[in-house]
Amino acid sequence: MNEESDVSVFDPERIETRVQTLWSERDCFRVTEDPEREKFYCLCMFPYPSGKMHMGHARNYTLGDVVARYKRMRGFNVLQPMGWDAFGMPAENAAIKNNVPPAQWTYSNIDHMRTQLQRFGFAYDWSREVTTCRPEYYRWEQWLFTRLYEKGLAYQKVAAVNWCPVDQTVLANEQVEDGRCWRCDTVVERKELRQWFLRITDYADELLAELDNLTEWPEAVRTMQRNWIGRSEGLELEFAVDGHDPLHVYTTRPDTLMGVTYLAVAAQHPLAAAAAKDQPDLAAFVDECSRVQAAEAAQETLEKRGQPLGIEATHPISGEKIPVLVANFVLMEYGTGAVMAVPAHDQRDFEFATRYGLEIRPVIEPLDGGDIDLSDGAWVERGRLVNSGEFDGLDFDGAFEAIARRFEENGRGRRRVNYRLRDWGVSRQRYWGAPIPMINCARCGTVPVPDADLPVVLPEDVAFEGVGSPIKTDPTWRQTTCPRCGEPAERETDTFDTFMESSWYFARYACPDNDSAMLDARSDYWMNVDQYIGGVEHAILHLLYARFFQKLMRDVGLTKTAEPFARLMTQGMVLKDGVKMSKNKGNVVDPQPMIERYGADTVRLFMMSDAPPDQSFEWSDAGVEGAHRFVRKLWRAACRMTTLKTADVASNAGDRAALHRLLHKTIDKVTDDIDRRMTFNTAIAALRELSNAAFRRLDALGAAAAADDVVQLRETFDVLVRLFQPFIPHTSQALYEILGHDGLVMDAPWPLADAGAMVEEERELVVQVNGKLRARLTVAADADKAALETAALGDANVQKFIGEKAVRKVIVVPGKLVNIVV
RNA sequence: GCCCGGGUGGCGGAAUUGGUAGACGCAGCGGACUUAAAAUCCGCCGGCCGCGAGGCCGUGCCGGUUCAAGUCCGGCCCCGGGCACCA
């Protein structure tokens with residue numbers, strides 16, 4: 001027999017090519033809306049087309065494919081689409097480096113990566129492919145934006161960006177290294193620009209409240225989003241300032257009001273600017289603060305510094321004069337950009353006061369009496385007010401209420417709900433993004449582009465110089481006429497944040513071909529996404545923006561769906577040698593050669609088997625080798641099984657019963673691991689155990705066996721092939737055929753466990769004395785507590801440890817253990 | 001700095017609701033087959049003590065709750081993710 005015709009030789013390349021041809025001939029991943037069938041929408045975060053697939057993609061998309069293929073076998077109408085998050089900075093960087101237009105670079109990457117994805121055998125409906133840099137896609141984003149503008153949900157305000165004074169360009173946080181420009185090493189400045197914002201804060205309460213209903217999201221993600229939104233209840237209070245407008249501060253601790261010993265404002269606060277006007281050293285300090293890059297992490301890690309403004313404010317209750325300082329830890333973006341400082345009861349205020357010799361005045365004592373210790377830090381608990389005049393003796397709630405009422409009555413303060421969440425700045429001063437569809441008219445002001453004139457198309461055939469966006473430098477692109485008055489006017493030349501495109505693509509997959517509306521009835525059939533999978537690094541921004549967009553689309557009447565993702569799985573990082581794969585570290589493993597060498601199934605199996613999806617995953621060359629060994633072994637054994645002859649020989653009913661039990665316990669565990677727990681690594685471990693048992697059985701039976709044994713072994717392999725389908729779909733399909741079946745294994749029903757077959761007659765009983773393991777006994781599975789206790793006490797080693805001591809207590813956990821306390 | 005995770009053999013990990021620590025795999029070691037190698041198959045595999053039965057120790061560190069703690073609570077250390085213009 002030559003190798004070509006010997007099916008027992010495992011040739012992944014040949015098998016996978018043939019099976020993929022079979023799938024594409026039958027077009028079996030294309031789906032349509034079918035109200036008669038229950039739908040399942042399985043989605044992975046779409047990739048940025050950076051060049052070629054990396055292991056993070058391979059892992060992500062295999063996870064999704066396992067779920068999609070499993071659900072299909074459970075009878076669902078499964079949609080699994082794929083597309084491209086195609087706008088972004090890397091295309092501009094590549095354009096500078098290789099002198100190729102961003103569009104061309106992006107499209108050629110997409111073509112390459114599509115081929116790579118197809119080689120993996122993912123069950124995608126490619127007819128729904130979406131590419132965000134195409135006008136037919138971003139057109140609807142522009143359309144929605146003009147609706148939002150009309151509703152007052154999109155507006156302009158001045159906000160800071162990182163600015164390189166040498167390159168004369170805006171820098172992303174990523175392009176700032178140690179406060180310097182990554183290209184020319186110039187110290188980065190802040191620059192104030194008028195930019196577009198979306199009022200996500202209008203939706204803060206709903207975004208927060210709905211988190212409670214997202215019970216199938218990881219608790220960590222929900223907690224991070226809650227903290228990010230950061231709802232707090234407090235008071236906004238007014239402090240009179242000599243010679244200036246009153247200063248507004250926001251506080252969540254009005255109970256500490258009488259302990260305020262200074263006020264602090266942000267460097268960007270108008271009062272700081274006013275004070276700096278005639279104080280050069282103060283101006284220098286304010287200027288220095290403004291040089292810090294825009295990123296919050298950069299500001300928060302600075303040494304806490306400040307300087308007096310030489311201005312005094314009046315305490316609104318006591319009338320005392322208190323100093324006002326400018327401090328680098330006060331954020332202009334949060335609250336009012338000014339804070340009241342209570343060093344005795346706030347740690348940051350304490351450290352600052354200690355450093356600058358400011359007064360520390362305790363005004364809260366513990367509810368249970370006793371003194372607070374301020375020798376090495378603030379006392380930040382809630383308690384009872386002291387040294388607070390008329391408010392003495394009140395607790396937190398009482399003081400909050402009394403002080404709030406006082407300020408409400410005299411009109412110098414109000415209760416206020418505040419959010420840490422800020423409105424979403426969507427303007428980017430870059431070229432490779434969707435143009436913001438607005439027009440500036442000297443006469444009419446800001447005018448949205450009318451629906452009939454959409455999309456505002458980004459020119460793709462451009463010379464990209466690197467510094468300055470081509471649509472900003474081109475004198476003609478921006479020229480247009482005002483839709484309102486018909487006079488010459490200019491287009492907005494900023495483009496959208498790329499998070500805009502990724503905030504609604506999941507809904508567009510339902511109707512990617514609709515050229516008359518953003519969404520249609522098909523999205524009501526498919527949405528929401530039943531299972532969403534992607535990197536944990538998106539836990540806050542992308543997922544929050546997507547939730548926000550879904551609500552925006554609902555509120556303009558496009559859909560009824562309020563939340564886009566019913567169930568969420570956040571996958572961990574892919575590591576090599578204990579660290580994240582990166583070009584810098586030179587430890588990147590390219591999936592492509594791995595597939596060429598071992599086949600897609602082996603790579604998929606290994607990536608699913610070595611770690612649970614939400615944990616980081618460590619690539620190991622030896623590990624993938626092991627996975628390959630297993631697939632080969634499965635193949636060989638299944639082939640050999642088909643040659644097993646029936647003979648009139650003895651058979652062992654006990655062995656058969658054991659295998660039968662293991663078979664059903666495995667079906668049960670694998671089903672639960674995939675469906676509920678999503679721990680594919682333990683599902684595969686269980687499948688390997690069943691496989692190993694089947695292999696041993698096959699070896700033990702030899703060339704011929706009793707009819708009952710042959711039937712059972714055949715059944716076992718049938719089940720294995722189906723349970724393995726989500727993980728190694730090509731091999732599974734080929735073996736399905738070798739086992740004599742027609743059609744597609746993924747259209748075969750998922751095996752179901754028979755609870756009766758899982759019942760054990762005997763169990764192992766663990767016996768402890770004082771919590772330490774002293775014996776393992778085999779007992780009847782249905783033995784009662786008394787019988788278990790008797791059996792435990794009857795063991796010699798147990799008796800040895802009880803010795804002369806009196807038995808004080810016996811804990812019996814049926815089916816598990818007996819613990820004897822002496 | 002703030003928010004969220006994680007830390008278990010030589011390695012990746014398992015232990016699902018507080019109840020047998022180390023499933024499954026990788027590496028290693030020993031053996032079988034072979035002229036040989038590869039492939040394959042069998043056995044061993046946390047540390048220490050013991051001929052053995054078995055015993056002691058052991059889940060980042062310190063302390064606590066409990067009959068019982070990898071799991072719960074308090075305090076630390078280290079690593080990773082996010083911090084609004086990376087995607």
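Worth saying up front: this structure is predicted, and the values here are computed from it rather than measured. Quick note: numbers below take in every heavy atom, side chains included, and nothing from hydrogens, waters or symmetry partners. Chain identifiers are assigned alphabetically (A, B, ...) following the order of the sequence lines, protein sequences preceding nucleic acid strands; residue numbering begins at 1 within each chain.
Between rC26(B), rA84(B), rG13(B), one nucleotide has an atom nearer to the side chain of Y545(A) than all others, and that is rA84(B). Among the nucleotides rA84(B), rU40(B), rA87(B), the one closest to any side-chain atom of R629(A) is rU40(B). Nearest to the side-chain atoms of N227(A) among the listed nucleotides rA87(B), rA84(B), rC3(B) stands rC3(B). Nearest nucleotide to the A611(A) side chain, out of rG5(B), rU16(B), rG13(B): rG13(B). Closest to the side chain of N173(A), out of rA84(B), rU16(B), rA23(B), is rA84(B). Nearest nucleotide to the M224(A) side chain, out of rC85(B), rA84(B), rC4(B): rC4(B). Across rG1(B), rA87(B), rG19(B), the shortest atom-to-atom separation from the side chain of M89(A) is found for rA87(B). Nearest nucleotide to the E174(A) side chain, out of rA84(B), rC4(B), rC86(B): rC86(B). Nearest nucleotide to the side chain of R688(A), out of rC85(B), rC24(B), rA87(B): rC24(B). Closest to the side chain of Q429(A), out of rA84(B), rU40(B), rC85(B), is rC85(B).
The base of rC67(B) has none of its N or O atoms less than 3.5 Å from a complementary donor or acceptor on the side chain of R808(A). Evaluation of atom-type donor-acceptor distances gives a pair under 3.5 Å for the side chain of E764(A) against the base of rU20(B). For a distance-only test at 3.5 Å, the side chain of E618(A) fails to qualify as a donor-acceptor partner of the base of rC26(B). Judged by distance alone, with hydrogens and angles left aside, N819(A) brings a side-chain donor or acceptor within reach of the base of rC67(B), the pair sitting under 3.5 Å. With hydrogens and angles ignored, no donor-acceptor pair closer than 3.5 Å exists between the side chain of E537(A) and the base of rC86(B).
Across every strand in view, rG28(B) sits in a pair with rC44(B) that passes the Watson-Crick or G-U test at under 3.5 angstrom. rG1(B) is paired with rC83(B) under the criterion used here, namely a Watson-Crick or G-U wobble arrangement in which both key atom distances are under 3.5 Å. In a base pair of the Watson-Crick type (N1 to N3 plus N6-O4 or O6-N4) or a G-U wobble (N1-O2 and O6-N3), with each distance short of 3.5 Å, rA23(B) is matched with no nucleotide. Shown here, rA53(B) forms no base pair; nothing in the strands shown gives a Watson-Crick or G-U wobble contact with both key distances under 3.5 Å. For rC76(B), the paired base is rG60(B) (Watson-Crick or G-U wobble, both distances below 3.5 Å). In this structure, rC33(B) forms no base pair with any nucleotide, since neither Watson-Crick nor G-U wobble geometry is met with both distances under 3.5 Å.
P612(A) comes within 4.0 angstrom of the backbone, heavy atoms only, and of no base. In this structure, M45(A) reaches neither bases nor backbone, as no heavy-atom distance under 4.0 Å exists between it and the strands shown. Counting any heavy atom pair closer than 4.0 Å across all strands shown, H542(A) reaches no nucleic acid atom. Looking at heavy-atom distances under 4.0 Å, S616(A) makes contact with sugar-phosphate atoms alone, never a base. Across all strands, A627(A) comes closer than 4.0 Å to no nucleic acid atom at all (heavy-atom distances). Looking at heavy-atom distances under 4.0 Å, K576(A) makes no contact with the nucleic acid at all. Base engagement by R430(A) is indicated by at least one non-hydrogen atom pair under 4.0 Å involving a base atom.
Ranked by how close their nearest RNA chain B nucleotide is to the 5' end, D699(A) and Q175(A) are led by D699(A). Position along RNA chain B of the nearest nucleotide to A220(A) versus V161(A) favours A220(A) as the more 5'-ward residue.
Of the options F87(A), Y138(A), Y48(A), a ring-ring contact (aromatic ring centres under 6.0 Å, His included) to W432(A) is made by F87(A) and by none of the others.
Figure legend: R688(A) and F630(A) shown as a cation-pi pair, the cationic atom lying under 6.0 angstrom from the six-membered ring centre and within 45 degrees of its axis. Remark: R199(A) qualifies as a cation-pi partner of Y155(A) under the 6.0 Å distance and 45° angle criteria applied to the six-membered ring.
Summarising the geometry, the separation between CD on E300(A) and P on rC3(B) is reported as 10 Å, rounded to the nearest angstrom. As rounded to whole Å, 15 Å separates atom C1' of rC24(B) from atom CG of L720(A). Regarding Y334(A), its OH atom lies at a distance of 13 Å from the P atom of rC3(B), rounded to whole Å.
Side-chain N/O atoms of R632(A) include one lying less than 4.0 angstrom from OP1 or OP2 on rU40(B). For Q615(A) and rA14(B), the shortest distance from a side-chain N or O to OP1 or OP2 is below 4.0 Å. In this structure, R776(A) does not reach the rU20(B) phosphate: none of its side-chain N or O atoms is under 4.0 Å from OP1 or OP2. The shortest distance between the side-chain N/O atoms of N93(A) and the OP1/OP2 oxygens of rC86(B) is not below 4.0 Å. At rA14(B), one or more side-chain N or O atoms of N681(A) fall inside 4.0 Å of OP1 or OP2 (strictly under the cut-off). The side chain of S620(A) contributes no N or O atom lying less than 4.0 Å from OP1 or OP2 of rC26(B).
Between F548(A) and Y203(A), the ring planes are perpendicular. Angles over 60° get that label, and only those under 30° would be called parallel. Using bins of under 30°, 30° to 60° and over 60° for the plane-to-plane angle, the ring pair H54(A)/H57(A) lands in the parallel bin.
Within a 6.0 Å radius of NZ in K157(A), more than 12 heavy atoms belonging to other residues, nucleotides or ligands are found. Atom CG of D178(A) sits in a sparse spot, with 12 or fewer heavy atoms from other residues, nucleotides or ligands closer than 6.0 Å. The number of heavy atoms from other shown groups lying within 6.0 Å of CZ (R355(A)) is above 12.
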**Report entry** Nucleic acid footprint by protein, nucleotides 48-65 of chain B - heavy-atom cut-off 4.0 Å, B for base, S for sugar-phosphate alone
**Finding:** ------SSSS--------

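The gap from the C1' atom of rA32(B) to that of rC26(B) amounts to 23 Å, rounded to the nearest Å. One P atom belongs to rC2(B), the other to rG13(B), and the distance between them is 29 Å to the nearest Å. Using P as the reference atom, rG43(B) and rC48(B) are 24 Å apart when rounded to the nearest Å. Taking the C1' atoms as reference points, rU34(B) lies 11 Å from rA39(B), given to the whole Å. Rounded to the nearest Å, the gap between the C1' atom of rG64(B) and that of rC86(B) is 45 Å. The gap from the P atom of rA21(B) to that of rG55(B) amounts to 12 Å, rounded to the nearest Å. To the nearest whole angstrom, the two P atoms, one in rU66(B) and one in rC73(B), are 16 Å apart. Spacing between rC67(B) and rG82(B) at atom P, rounded to whole Å, works out to 45 Å.
Taking the ring centroids of F329(A) and F352(A), they lie under the 6.0 Å cut-off. Ring centers of Y505(A) and Y137(A): at least 6.0 Å apart, outside the cut-off. Taking the centre of each ring, F46(A) and Y61(A) stay at or above the 6.0 Å mark.
Classification of E216(A) and R222(A) as a salt-bridged pair fails, no side-chain N sitting under 4.0 Å from a carboxylate O.
Taking the O4'-C1'-N9-C4 or O4'-C1'-N1-C2 dihedral as appropriate, rG7(B) has a value more than 90° from 0 and is therefore anti.
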